[in-house]
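Ligands are counted one by one from 1 in listed order, and the atoms in each one are counted from 1 as well.
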Amino acid sequence: MGAPTDKIPKTQKAAVVRDKKVAIEDVPVVQPSDLKVGQVLVKVLYSGVCHTDLHAQLGDWPLVHKEPLIGGHEGAGIIVAIGEHTDTDLKLGDRVGIKWLADSCLKCDYCRQGYEPLCHQAQCSGFTVDGSFQQYAVSFARHVTKIPEGLPMDKAAPILCAGVTVYKALKQSNARPGEWVVIPGAGGGLGHLAIQYAQYMGLRVIAIDTGAEKQALCTKLGAERWIDFRQTDDIVKAVKAATPDGDGPHAAIVTSASGAAYEQALDYIRPHGTVVSVGLPPDAKVSADVFWTTFLEKQLKGSYVGNRQDAVEALAIAASGRVETTFRLLPFANLPDVYAQMHDGSLVGRVVLDLWA
Ligand code: 8ID
Ligand code: ZN
């Protein structure tokens, strides 16, 4: 262990965030001899760009990230070095993914029960530790996820956050085959994958987002109903009317990056239905009417990424071809433009960066 598969350079390109601004810079590469026990060095080939990376750059969450920060947590690459004395069956040359949850202790109550993201020692890629917007990223042997044979690395990248997150959120919703799920934010990175995982689970989909391009994507991916939130005065009425009995969907997976999408969710959800909160707009509030929430047995659940098993399952489903990322592949240097488009809501599906273009 410890020997790299190819020559590892001393410097690399990385997207560095300082004072809420991002710039592509030359930074040192952590050398194999400097890896700590448990760490691996991943040559990152592709990285998806998640709205979370934009929240991190803007610093708009009530959380503190490292500074300067190299963002990115949808990395797909190959293992080029493994820290000495690391107990792992990973080998040099293995194809692996770097997800948001970079590491957790695996010993605490939360980890033992599979709630790894809730571990008090959790480290997050591109937030508390440098992430996948660099050509060589340090990650952790016990949390990187093997990418199945046959799944192209660029398509795999967005599964590492967007895919895992919505797959696990759908499981949390307890919706059963044949039931209806509404997905506000359906035309975005998380949402367009949620449409597909939902159908994989036998659910029927109502998509909410805006614009003809997102409508075309959602419909192509199998959403049976479309609601444009900018052109609809009464969202509650429209969502209820989209279900055959007019009672509303059994579940909502709210993947929107804006708080507005949360405002009506508990009103349009069906009695005994579940609203799963996934999008993380800063300062947003959900207000629940206590009488009707209780009387109609409505539920609100937060769902935060997924554990190692969720990542393996989400990738396996993608490898089967039943879920496919819709993405634009762009050179690494385009990251600042991608953030600008994400900010104004004009991105459809996902952007994947080629770290070497
Ligand atoms: O673990 C988690 N909970 C988790 C994991 C990953 C990402 C949470 N997130 C969070 C991100 O931090 C972000 O806040 O999920 C949110 C969505 O991430 P994304 O899918 O990467 O963002 P995007 O590609 O920009 O898509 C967001 C979509 O929401 C739509 C936009 O048009 C866009 O297509 N949208 C908005 I903004 N307002 C809407 C509204 N009122 C809306 N859709 C419906 N109704
Ligand atoms: Zn993410």
Side-chain angles (χ1 to χ4, degrees), residues 47-58 60-61 63 71-75 97-102 116-118 122 124-127 131-133 157-170 172 182-195 206-211 213-215 217-218 226-232 235 238-239 252-265 268 276-284 301-307 310-311 314 325-328 338-352:
S47 182
V49 185
C50 178
H51 209 112
T52 293
D53 298 312
L54 177 58
H55 291 301
Q57 191 228 306
L58 298 173
D60 64 10
W61 278 355
L63 295 173
H73 57 276
E74 290 186 346
I98 296 176
K99 54 187 169 53
W100 171 255
L101 199 68
E116 294 150 20
L118 305 180
C124 302
S125 313
F127 205 80
S132 55
F133 293 157
I159 305 297
L160 272 308
C161 176
V164 175
T165 299
V166 298
Y167 171 64
K168 188 263 199 154
L170 282 156
Q172 294 273 98
V182 63
I183 305 171
L190 267 63
H192 91 284
L193 289 169
I195 295 174
I206 303 162
I208 311 182
D209 213 308
T210 190
E213 226 186 320
K214 289 182 185 172
Q215 177 177 10
L217 175 66
C218 295
W226 163 258
I227 295 167
D228 189 314
F229 71 86
R230 288 223 170 93
Q231 289 173 8
T232 308
I235 295 276
V239 173
I253 308 293
V254 186
T255 63
S256 153
S258 105
Y262 282 92
E263 282 162 19
Q264 314 91 349
Y268 59 56
V276 186
S277 152
V278 176
L280 287 161
D283 301 324
K301 273 188 187 174
S303 188
Y304 171 46
V305 291
N307 62 21
D310 296 319
T325 312
T326 299
F327 66 99
R328 260 190 311 149
V338 173
Y339 280 155
Q341 289 171 39
M342 193 172 255
H343 198 254
D344 69 23
S346 58
L347 283 186
V348 179
R350 222 6 153 215
V351 164
V352 174

Before signing off on this row, confirm whether [X] and ligand 1 have an N or O atom pair separated by under 3.5 Å.
X    : result
T52  : yes
V278 : yes
G189 : yes
Y304 : no
V49  : no
F229 : no
H55  : yes

Nearest 0.5 Å please: distance from the [atom1] atom of [X] over to the [atom2] atom of [Y].
X    : Y    : atom1 : atom2 : answer
D209 : D228 : CG    : CG    : 8.0 Å
I98  : C161 : CD1   : SG    : 13.0 Å
F133 : S125 : CZ    : OG    : 11.0 Å
I183 : L193 : CD1   : CG    : 10.0 Å
R350 : H51  : CZ    : NE2   : 10.0 Å

For ligand 1, which atoms sit closer than 4.0 Å to a heavy atom of [X]?
X    : value
W61  : 12 (O)
K214 : 31 (C), 32 (O), 33 (C), 34 (O)
A261 : 40 (C), 41 (N), 45 (N)
G188 : 24 (O), 26 (O), 34 (O)
A257 : 13 (C), 14 (O), 29 (O)
I208 : 43 (N), 44 (C)
C161 : 5 (C), 6 (C)

Practice problem: Taking both backbone and side-chain atoms into account, decide whether H73 has an N/O/S atom under 2.8 Å from the Zn ion (ligand 2). | Solution: yes
At what distance is the nearest protein heavy atom to [atom], and which residue and atom is it?
atom                    : value
atom 15 (O) of ligand 1 : G279 CA, 3.3 Å
atom 18 (O) of ligand 1 : H51 CB, 3.3 Å
atom 31 (C) of ligand 1 : D209 OD1, 3.5 Å
atom 20 (O) of ligand 1 : L190 N, 2.8 Å
atom 35 (N) of ligand 1 : S256 OG, 3.6 Å
atom 43 (N) of ligand 1 : G185 N, 3.1 Å

Exercise. For W226 and T210, work out which heavy atoms get closest and say how close.
Key: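 Result for this residue pair: CH2-N, 3.6 Å.
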Quiz prompt | Minimum heavy-atom distance between A157 and G48, given as atom pair plus value | solution = CB-N, 3.8 Å
Practice problem: Specify side chain, backbone, both or neither for T255, according to which of its non-hydrogen atoms lie closer than 4.0 Å to ligand 1. | Solution: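 T255 to ligand 1: backbone contact only, side chain stays beyond 4.0 Å.
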Quiz item: Counting heavy atoms only, which part of V305 comes closer than 4.0 Å to ligand 1: side chain, backbone, both or neither?
Solution: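 The answer is both, backbone and side chain.
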Quiz item: So, are D310 and K168 salt-bridged, with charged N and O less than 4.0 Å apart?
Solution: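 Salt bridge flag = no for K168 with D310.
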Quiz item: Going by heavy atoms in the side chains, are Y167 and I159 under 4.5 Å from each other?
Solution: no
Quiz prompt | Sole candidate of V351, L347, V348 that passes side-chain contact (heavy atoms from CB on, under 4.5 Å) when paired with Q341 | solution = L347
Quiz item: Of S258, C218, P117, C50, which has the heavy atom at the shortest distance from atom 37 (I) of ligand 1?
Solution: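 The residue whose heavy atom sits nearest atom 37 (I) of ligand 1 is S258.
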Quiz prompt | From Q264, R350, Q341 - option closest to atom 21 (O) of ligand 1 by heavy atom | solution =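 The residue whose heavy atom sits nearest atom 21 (O) of ligand 1 is R350.
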Would you say [X]'s side chain and [Y]'s backbone share a donor-acceptor pair under 3.5 angstrom?
X    : Y    : answer
K301 : Q172 : yes
E74  : C50  : no
H192 : T326 : yes

Quiz item: With a cut-off of 6.0 Å (strictly less than), are more than 12 heavy atoms of other residues, nucleotides or ligands near CG of D283?
Solution: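 Not more than 12 within 6.0 Å, no.
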Quiz item: Taking the six-membered ring for Trp, are H73 and W100 parallel (under 30°), tilted (30 to 60°) or perpendicular (over 60°)?
Solution: perpendicular
